[in-house]
Amino acid sequence: MVNLVRNKERWLGALALVLALVLWECYAVLVIKNSFLLPSPLDVASAFIELVQRGILLLDFQVSMIHFAVGLGAALLIGIPIGIAMGWNRKVNAFLDPIIEILRPIPPLAWIPFAIIWFGFTTVSAGFVIFMGAVFPILINTYGGFRSVPRIFVEAGRMLGCTKNRDLIRYIAFPSALPSMVSGIRVATGVAWMCLVAAELFGVSDNGLGKNLWFYYNLHRMDCVVVYMIILGLIGLCIDMAFRYYIDRYFLKWRTGEVA
Amino acid sequence: MGDLQVRNLSQSFPRDDGSELTVLDHLSFEVKDKEFVCILGSSGCGKTTLLRLIAGLDTAQAGSIFLDGDEMRGQSPKVGMVFQEYSLFPWRTVIDNIAFGLEMQGMPKDERYRIAGQYLDLVNLTQFKDNYPSELSGGMRQRVAVARALALDPVLLLMDEPFGALDAQTRNMLQKELLDLWEKTKKTIIFITHSVDEAVYLSDRIIVLTPRPGRICKIFEVPMGRPRDRTSVDFAQVRREVLDLINQNCSIQ
């Protein structure tokens, strides 16, 4: 019964998508009549086929994923250890907190000039801008997760022979903080994906989803721009869905009853 | 062995105005090997503070604690603890919770699962081996917590109002189960409670504490064999004696 209702609802969602496409097509063809101002879905579809046939899209996707992976990877490698150190040790927190509080509100895109000066027009440069967007959600949530490890777990661990700091972090604090860390990483992937387009706009590479979105805007090929917009949106959605699947699988089974 | 000696134990905490709040005041007592002792007192009398000192989770300001003649400093594998709140690790299954202490000792997986399985058997929860704590009732969780503490085979088991959050029926059942466990494993048990009924039902001796500062008011031998019948006349009489004693001597003066 529940499944039937769900399938029905899903069907409604698909209907809405089809309706939106039809409305869009009618509005573009019958009212606007200018594919530069508003390309119709059919224009977009043919642009998509053209781009696929020229083999550009796949290359763009690969280059963008590399930028994304460099930025997010660096954010994980730096954000998690610093977050752990700050969450576990009060002194490290007191020492680093002011620096982080000053750097954190700077919009990631404001780092673009220095990204160019420091790293030139390279993959690292794009990765750096993405890193600046992704590192703080990871760091803050790791810190928060470690700060709020219930004292009772640490004491129970100590009574059971888990007394070294390293072991307490590994066996008690880390698993206890993991849900908070993962939700920080999920936010970070969203931010990183948004930074991606801007990071590619200033020409760090010959390909890239953000790079070519801008390139086709300069050629006034707005149908291609829409193709890139939709692809960016769909990949962002896929990344988030993968995360949600992961969270459901690994955390909900032990967190039931604890999370609202 | 599990002989515990507490000598001149004192503990105080700083107040906001700079003065000191004395929680325990020169406490001395002994617990013999394989004895079941309840520490009874109203809330705020320092029962939990005392237990944390014996556990080695806090350090006393003055005095010392000896287990089998050795002075205790910090946590010891010879002492196990069952906490008042739910202390099971929610990210571990029941069997992995019980095996945690053995895992910390570096015991291989097969071996520690075998031993953990025995203790799981002992608390009659074998069928919940692979469940997570969030899937268990409050009473089951505390039974797993007891099994987890016993798995390291301590000589002394400390219990801090472990059944305090449970309903009366479950609590009575767990008290009975605990006595069975104690008969089988023969540990020294120090059990904290504020319930006279619980203390009389469980213990060989009851140590009654006065509130603020915590001093020993009276050490009471329970002159009854086991199993004890809560509804018997004897039981009611002992209970009344303890209650009278508390009302006359051990309340706030």
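Please read these numbers as outputs of a predicted model, since none were measured by experiment. These values consider heavy atoms only, across backbone and side chains, with no hydrogens, waters or symmetry-generated copies. The chains referred to below are lettered A, B, ... by the order of the sequence lines, with proteins before strands, and numbering in each begins at 1.
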Assess whether atom CG of B/Asp110 is packed by more than 12 heavy atoms of other residues, nucleotides or ligands within 6.0 Å.
no
Taking everything shown except B/Phe66 itself, do over 12 heavy atoms lie less than 6.0 Å from its CZ?
yes
Looking at A/Cys162, A/Pro150, A/Pro179, A/Gly161, which makes the most heavy-atom pairs under 4.5 Å with chain B?
A/Cys162
Identify which part of A/Ile172 has an atom lying under 4.5 Å from any heavy atom of chain B, answering side chain, backbone, both or neither.
both
Non-hydrogen atoms of chain A under 4.5 Å away: do they reach the side chain of B/Leu102, the backbone, both or neither?
neither
Do A/Phe153 and B/Trp91 have ring centroids that are under 6.0 Å from one another?
yes
If you count the non-hydrogen atoms of other residues, nucleotides and ligands that lie under 6.0 Å from OH in A/Tyr245, is the total more than 12?
no
Would one find more than 12 heavy atoms of other residues, nucleotides or ligands at under 6.0 Å from atom CE of A/Met229?
no
Is any side-chain heavy atom of A/Arg158 less than 4.5 Å from a side-chain heavy atom of B/Leu57?
yes
Tell me, for A/Arg151 versus chain B, whether the close heavy atoms (under 4.5 Å) come from the side chain, the backbone, both or neither.
side chain
Residue pair A/Thr163 / B/Gln75: nearest heavy atoms and the distance that separates them
CG2-OE1, 3.3 Å
How about NZ on B/Lys186, more than 12 heavy atoms from neighbouring residues, nucleotides or ligands closer than 6.0 Å, or not?
yes
Counting only heavy atoms not in A/Phe61, do more than 12 fall under 6.0 Å of its CZ?
no
Give, for atom CG of A/Leu160 and atom CZ of B/Phe100, the distance between the pair rounded to the nearest 0.5 Å.
6.5 Å
So which part of B/Arg52 gets closer than 4.5 Å to some heavy atom of chain A, the side chain, the backbone, both or neither?
side chain
Counting heavy-atom pairs under 4.5 Å with chain A, the top scorer among B/Arg92, B/Arg148, B/Gln84 is B/Arg148
Could you check which of B/Glu85, B/Glu103, B/Met104 has the highest count of heavy-atom pairs closer than 4.5 Å to chain A?
B/Met104
To the nearest 0.5 Å, atom CD of A/Glu155 lies from atom CG of B/Asp58 at 7.0 Å
When the 4.5 angstrom heavy-atom criterion is applied to B/Val79 and chain A, the contacting part is both
Is it the case that more than 12 heavy atoms not belonging to B/Glu71 sit under 6.0 Å from its CD atom?
yes
